[in-house]
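Take a look at the structure below.
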Amino acid sequence: MVEATPPKIELRGICKSFPLGHGQVRSVLDDVAFSAQPGEFVAVIGPSGCGKSTMFNIMAGLETASSGEVLVDGDVVTGQHEHFAYMPQKDLLFPWRSILENTSLGLEVAGETKKIARARAASLFAAFGLSGFEDAHPFELSGGMRQRAALLRTVVQGRDVLLLDEPFGALDSLTRTEMQSWLQGVWSQNAWTAVLITHDIREAIYLADRVVVLSARPASVRLNLTIDLPRPRALSMTTSAEFAGYERTLLTTLHEETRSSKAP
Amino acid sequence: MKNSITVKPAPAPRIRLLPALAPPAALLAALVITWQVAVTAGGVQPAILPSPQRIFQQGWEARTAIWENTLPTLHETFLGFAVSLTVAWTLAILIDFSPGLRRALVPLLVASQAIPLIAIAPLMVIWFGFGMLPKVIVIALVTFFPVAVGLIDGFNRTDRDAINLLRSMGANRWKQFVYVRLPSALPSFFTALRIGIAYAVTGAIFAEYVGAERGLGIYMAMMKNSFRTDLVLAAVAVTAFVSVCLFLLTYVAERAIIPWHSKERRSRHG
């Protein structure tokens with residue numbers, strides 16, 4: 001069967017193991033496979049230490065997989081970084097650069113002139129609620145603003161897929177809720193394809209079109225759950241019966257995984 | 001919620017010089033007064049221990065000679081330190097780019113600090129004479145180590161996640177260096193610079209002491225030989241003053257070159 005349009009991104013049989021010495025290996029990823037359609041928001045959750053970040057590093061071309069392939073638009077791109085824009089958990093805004101200089105860093109590194117890079121980043125400041133802070137330095141910004149600046153730096157690179165590694169993990173819960181609601185809003189207005197790693201089940205359901213649950217280490221896909229909630233999503237949806245149903249399904253799956261990971 | 005977050009402006013960077021200088025100045029004054037009283041009351045011979053008043057008086061009378069000997073010392077210090085900085089930066093950058101060179105060179109750098117200067121400095125005079133060169137070499141030898149180590153360490157302490165972020169953007173090793181490793185290392189460079197500059201002046205004095213035509217070191221040696229303890233101590237006071245000035249100069253340079261560092265640090269400590 002020939003598919004009309006290949007998924008924007010697809011992982012096929014990704015395995016990763018590390019040598020432990022004495023001929024032993026630790027298997028971290030075992031046949032991880034999932035995909036995201038263009039413009040789809042996929043959240044990945046799993047027990048702590050299950051190898052989610054390793055999976056991201058492989059997608060971003062920072063680590064090599066032991067086997068398996070990463071595909072973008074149907075082409076194998078394993079080990080190539082230029083299709084992915086990566087947003088780590090820490091905002092990693094550099095104190096020696098202004099917010100505008102920080103957000104345009106990716107374009108500058110990619111070889112754009114400073115002028116063009118900064119103009120492109122500046123054009124997004126209003127949408128990211130950062131107007132007027134172009135010349136501010138990171139330490140002058142609140143945690144939520146720093147995270148929005150980090151996301152702007154990721155988005156402006158214009159890559160095919162956004163990789164968001166627990167972007168709100170370090171924020172307090174009120175700011176996190178605000179950020180989720182804001183991200184949901186800007187995402188609805190743009191056609192970004194995004195993969196989000198999170199520990200937060202409610203965040204995953206609220207933001208994503210699909211939630212992928214990874215098993216305990218070695219990680220493989222345990223559940224691939226489509227979240228059929230209308231968009232744009234209001235915060236009030238998080239108290240609906242449907243939302244609670246998704247939450248229960250995910251929680252049950254995750255608990256089974258956490259229990260099995262503790263068994264010897 | 002867009003634009004709803006207001007932000008406190010960062011506190012203006014200000015050098016709070018007076019509160020920083022008052023306690024050491026007061027302590028110094030107390031010590032000098034005690035010294036003055038002890039020497040006057042105890043009737044100590046000036047050739048053994050002159051009073052602060054006498055040191056100042058005699059030093060002032062000899063000011064032309066002291067000034068003429070201070071200039072070459074300063075000249076050597078700057079030249080030696082410039083050589084030291086050049087060598088330290090070159091080595092640190094080479095080491096940062098080459099793990100092989102790091103393994104080969106770092107133990108030798110450490111070993112270079114085990115060379116007893118007291119034995120080497122007189123040999124420098126035998127090898128290179130009484131001119132500028134042996135002083136520059138001694139100063140460079142004693143100061144390049146802390147600067148090089150501070151830089152190597154600074155480059156190395158760059159956040160791994162920041163490197164990974166740059167790699168995900170497609171930055172090669174050189175761009176990673178320019179965009180992250182170099183700026184990350186600058187705060188520890190300035191710390192190392194302060195240690196280096198503190199050694200630089202004493203290094204110059206030491207190199208001159210074992211043989212020179214002019215300079216504060218040879219001036220001290222000559223005054224000691226003619227039992228002018230007061231002038232030796234006057235020269236010591238000038239040396240200390242010069243060292244403190246150079247030390248403070250590093251703070252000025254730091255604020256000019258990495259203004260973000262002190263602002264960020266202050267904002268983090270509330």
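Treat the numbers as computed from the prediction; the structure is a model and nothing was measured. Order of the sequence lines sets the chain letters (A, B, ...), proteins ahead of strands, with each chain counted from 1.
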- Query: Given that the side chain runs from C-beta out, which part of D159(B) has a heavy atom under 4.5 Å from chain A: side chain, backbone, both or neither?
  - Reply: side chain
- Query: Any donor-acceptor pair under 3.5 Å linking the side chain of R159(A) with the backbone of M169(B)?
  - Reply: yes
- Partner chain B: residue of G61(A), P95(A), G106(A) with the largest heavy-atom pair count (under 4.5 Å): P95(A)
- Task: Quick one: pull up CZ in F94(A) and OG in S184(B) and give me the separation to the nearest 0.5 Å.
- Result: 7.0 Å
- Is the count of non-hydrogen atoms from other residues, nucleotides or ligands lying under 6.0 Å from F241(B) atom CZ greater than 12? no
- Item | Engaged part of E108(A) at the chain B interface, taking heavy atoms whose separation is under 4.5 Å | both
- Query: Which distance, rounded to the nearest 0.5 Å, do you find between the NZ of K90(A) and the CG of N164(B)?
  - Reply: 10.0 Å
- Task: Output the option from L105(A), L107(A), T154(A), L163(A) having the highest count of non-hydrogen pairs under 4.5 Å with chain B.
- Result: L105(A)
- Distance in Å, E264(B) CD paired with W96(A) CH2, rounded so as to fall on 0.5 Å steps: 9.0 Å
- Message: Quick check on E82(A) against chain B: is it the side chain, the backbone, both or neither that has a heavy atom closer than 4.5 Å?
- Response: neither
- Message: Just verifying a value: how many Å separate M87(A) CE and S168(B) OG, rounded to the nearest 0.5 Å?
- Response: 12.0 Å
- What distance separates D165(A) CG from L165(B) CG, expressed to the nearest 0.5 Å? 11.5 Å
- Could you tell me whether H261(B) atom NE2 has more than 12 heavy atoms of other residues or ligands within 6.0 Å of it? yes
- Task: Please say whether more than 12 non-hydrogen atoms of neighbouring residues, nucleotides or ligands are located less than 6.0 Å from CZ in R173(B).
- Result: yes
- Which answer fits V178(B), side chain, backbone, both or neither, if we ask what part of it has an atom under 4.5 Å from a heavy atom of chain A? neither
